[in-house]
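Please read the structure below before turning to the comments.
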Amino acid sequence: MGKLDHLKGEEQDGIRGKLSLAGTSYFSDSLLLRVMVDMHNSYPALSIRLDENDSKTILGSLRDGTTNLGVILFC
């Protein structure tokens with residue numbers, strides 16, 4: 001089962017479930033907030049959580065499955 005397999009959808013009711021996004025402060029403010037708003041407008045039955053944290057913490061939350069999508073800066 002993939003990380004997003006818990007999201008269910010039918011043509012008549014769209015995608016629903018819970019989605020957890022995480023990003024560093026730069027990406028949370030400039031990218032993920034807009035993605036979250038657009039997704040909520042497209043899929044109102046989808047519950048979306050956005051966490052802002054440092055890269056190391058985000059990688060840990062991806063590893064343990066508490067975050068579905070993380071965006072970090074890697075140099």
Task: Side-chain donor/acceptor of S42 to backbone N/O of M39, under 3.5 Å - done: no

Open item on the list: Using the rule that Ile, Leu, Val, Met, Phe, Trp and Tyr join whenever any side-chain heavy atoms are under 4.5 Å apart, tell me whether V37 and L50 fall into a single cluster.
Closed with: no

TODO: Rounded to the nearest 0.5 Å, what's the gap from NZ on K56 to OG on S61? Could you check?
DONE: 13.0 Å

Open item on the list: Please give me the minimum heavy-atom distance between D29 and E52, naming the atom from each residue.
Closed with: OD1-OE1, 3.8 Å

TODO: Locate the shortest heavy-atom distance separating N68 from K18; write the atom from each residue and the value.
DONE: OD1-O, 4.0 Å

Task: Closest heavy-atom pair and its distance - T24, I72 - done: CG2-CA, 4.1 Å

- [ ] State plainly whether one hydrophobic cluster holds both L19 and L31, where clusters connect Ile, Leu, Val, Met, Phe, Trp and Tyr through side-chain heavy atoms under 4.5 angstrom apart.
- [x] yes

Task: L62 versus G70, closest heavy-atom pair with distance - done: CD2-N, 3.7 Å

Task: Contact summary for G23 and S28, nearest pair of heavy atoms - done: O-OG, 3.1 Å

Open item on the list: Looking at every non-hydrogen atom in both residues, tell me the closest pair between V71 and F27 and how far apart they are.
Closed with: CG1-CG, 3.4 Å

Open item on the list: Can you tell me how far apart CG (L59) and CG (D64) are? Round to the nearest 0.5 Å.
Closed with: 11.0 Å

Task: Main-chain N/O of T66 paired with S20 side-chain donor or acceptor, under 3.5 Å - done: yes

